[in-house]
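The structure appears right after this line, and notes come after that.
The residues of the chain are indexed from 1 along the displayed sequence. Atoms within each ligand, like the ligands themselves, are counted from 1 in listed order. Remember, predicted model here, so these are calculated numbers, not experimental data. The basis for the numbers below is simple: all heavy atoms, side chains too, and nothing from hydrogens, waters or symmetry mates.
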Amino acid sequence: MNDQAPINKIIPFSNVDGPGNRTSIFFQGCTYACKFCHNPETIRLCIHCGACVPGCPTGALRRENGLVRWNATDCVQCDACLKACPHMSSPRIRWMRAEEVFHEIRRAFPYIEGITVSGGDCTLYAAFLKELFPLVRAFGKTCLIDGNGAYDFTRDPELLEVCDGVMLDIKAADPEWSRFLIGNDGACALRSLDGLLRAGKLAEVRTVIFPGRDHENEETVRTVAQQIQNACPYKIIRYRPFGVRTEFQALLGEDTTEFEEAERYASLARSLGATKAFVV
Ligand code: SF4
Ligand code: SF4
């Protein structure tokens with residue numbers, strides 16, 4: 001194949017992207033544009049409009065033959081370009097082949113348990129993952145997918161075969177609430193949940209709890225808990241407005257979900273058999 005994929009960033013050591021110390025690889029581009037996304041700059045590919053170039057304080061961005069070029073050496077990671085971009089994108093993307101990513105992350109192998117691929121939506125690049133994972137697994141490292149629920153894993157047994165597990169977002173069980181949050185009815189994510197359970201590849205499920213949305217929160221937590229039981233950890237995540245686009249903070253709430261409110265849902269999940277439910 002040798003296809004390239006747009007890589008937003010690689011974090012050599014992370015202890016929040018799955019079990020143990022892991023290398024995290026973030027892909028650019030997403031199938032959704034969730035209202036509560038905390039990394040909206042990963043949603044779209046750059047269209048080279050140039051709006052971010054003048055505000056770069058170090059000249060790390062320049063226009064060349066109609067394209068915006070990024071010079072990593074001159075970049076001071078100030079994020080001014082991300083704030084200036086009107087297209088939910090970033091100019092700081094590297095198009096890389098699977099072998100190139102592998103060679104870059106290999107240096108971390110003595111210190112990590114495995115890798116986690118994320119985004120954006122890394123499953124947009126399933127063919128790329130099917131090249132990368134065997135290279136990594138040959139060194140005894142695990143490969144986890146951080147999935148946003150858009151990919152129907154049940155239709156890609158080859159990908160399941162080469163990955164060690166999927167950490168799956170179940171954002172909403174109620175179709176209307178799902179349409180509001182992410183723009184579709186959420187059926188695909190629930191299908192994937194079922195398929196991953198059957199395949200023994202469900203590594204973790206995550207649900208964000210929104211303040212004051214009792215009915216919607218409860219329906220999602222009940223649906224997930226009754227299905228996963230104690231098969232995997234269930235992360236109950238408190239909604240945090242920080243980083244959410246301001247136009248959506250007004251719709252979703254300007255307050256962080258209280259720990260006690262989230263804990264009520266974790267407790268509900270545990271009472272329904274999801275014994276590994278906890279709040280983060
Ligand atoms: S983060 Fe963006 S604006 Fe800041 S120096 Fe790097 S390229 Fe320029
Ligand atoms: S990152 Fe955004 S603002 Fe900059 S060139 Fe690309 S689309 Fe335009």
Heteroatom test (N, O or S) for Cys46 near atom 6 (Fe) of ligand 2, limit 2.8 Å: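 An N, O or S atom of Cys46 is closer than 2.8 Å to atom 6 (Fe) of ligand 2, so yes.
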
Which protein non-hydrogen atom lies closest to [atom], naming both residue and atom, and how far is it?
atom	answer
atom 6 (Fe) of ligand 1	Cys75 SG, 2.3 Å
atom 2 (Fe) of ligand 1	Cys81 SG, 2.3 Å
atom 5 (S) of ligand 2	Gly50 N, 3.3 Å
atom 4 (Fe) of ligand 2	Cys52 SG, 2.3 Å
atom 8 (Fe) of ligand 1	Cys56 SG, 2.4 Å

In terms of side-chain geometry, is the basic nitrogen of [X] or [Y] positioned less than 4.0 Å from the acidic oxygen of its partner?
X	Y	answer
Asp255	Arg238	no
Lys130	Asp3	no
Glu216	Lys171	no

Just which atoms of ligand 2 are under 4.0 Å from any heavy atom in [X]?
X	value
Val68	5 (S)
Cys49	3 (S), 5 (S), 7 (S), 8 (Fe)
Pro86	3 (S)
Cys85	1 (S), 2 (Fe), 3 (S), 7 (S)

Heavy-atom side-chain contact between Phe27 and Thr123 under 4.5 Å: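 They are not in side-chain contact.
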
For Leu135 against Phe102, the heavy-atom pair lying closest together: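 That closest heavy-atom pairing would be O-CE1, 3.4 Å.
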
Shortest non-hydrogen contact from Arg97 toward Gln4: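 Answer, listing the atom of Arg97 first, then Gln4: CG-CG, 3.6 Å.
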
Intermediate values then yes/no, side-chain hydrogen bond (donor to acceptor under 3.5 Å, both in side chains), Asp17 and Ser24: CA-CA 7 Å; Asp17 293 305; Ser24 286; 2.7 Å; yes

contact_flag Ala84 ligand 2 heavy-atom lt 4.0 Å: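 No, that is not the case, since the closest heavy atom of the residue is not under 4.0 Å from the ligand.
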
Can you tell me which portion of [X] lies within the under-4.0 Å heavy-atom range of ligand 1? Options are side chain, backbone, both, or neither.
X	answer
Gln77	backbone
Leu61	side chain
Asp74	neither

Stepwise side-chain hydrogen bond (donor to acceptor under 3.5 Å, both in side chains) test for Asn8 and Thr42: CA-CA 7 Å; Asn8 178 289; Thr42 64; 5.9 Å; no

Under-4.0 Å heavy-atom contact with ligand 2, by part of Arg44 that carries it: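 Neither; no heavy atom under 4.0 Å.
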
Atom indices of ligand 1, in the order listed, that fall short of 4.0 Å to a heavy atom of [X]:
X	result
Asp79	1 (S), 4 (Fe)
Thr58	5 (S)
Trp70	7 (S)

Same cluster (ILVMFWY, side-chain, under 4.5 Å), Phe259 and Phe278: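 No.
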
Step-by-step side-chain contact (heavy atoms from CB on, under 4.5 Å) determination, Leu252 to Phe180: CA-CA 10 Å; Leu252 294 167; Phe180 171 76; 3.8 Å; yes

Crowding at CZ, Arg155 (>12 non-hydrogen neighbours, <6.0 Å):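 Check fails, neighbour count at 12 or below.
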
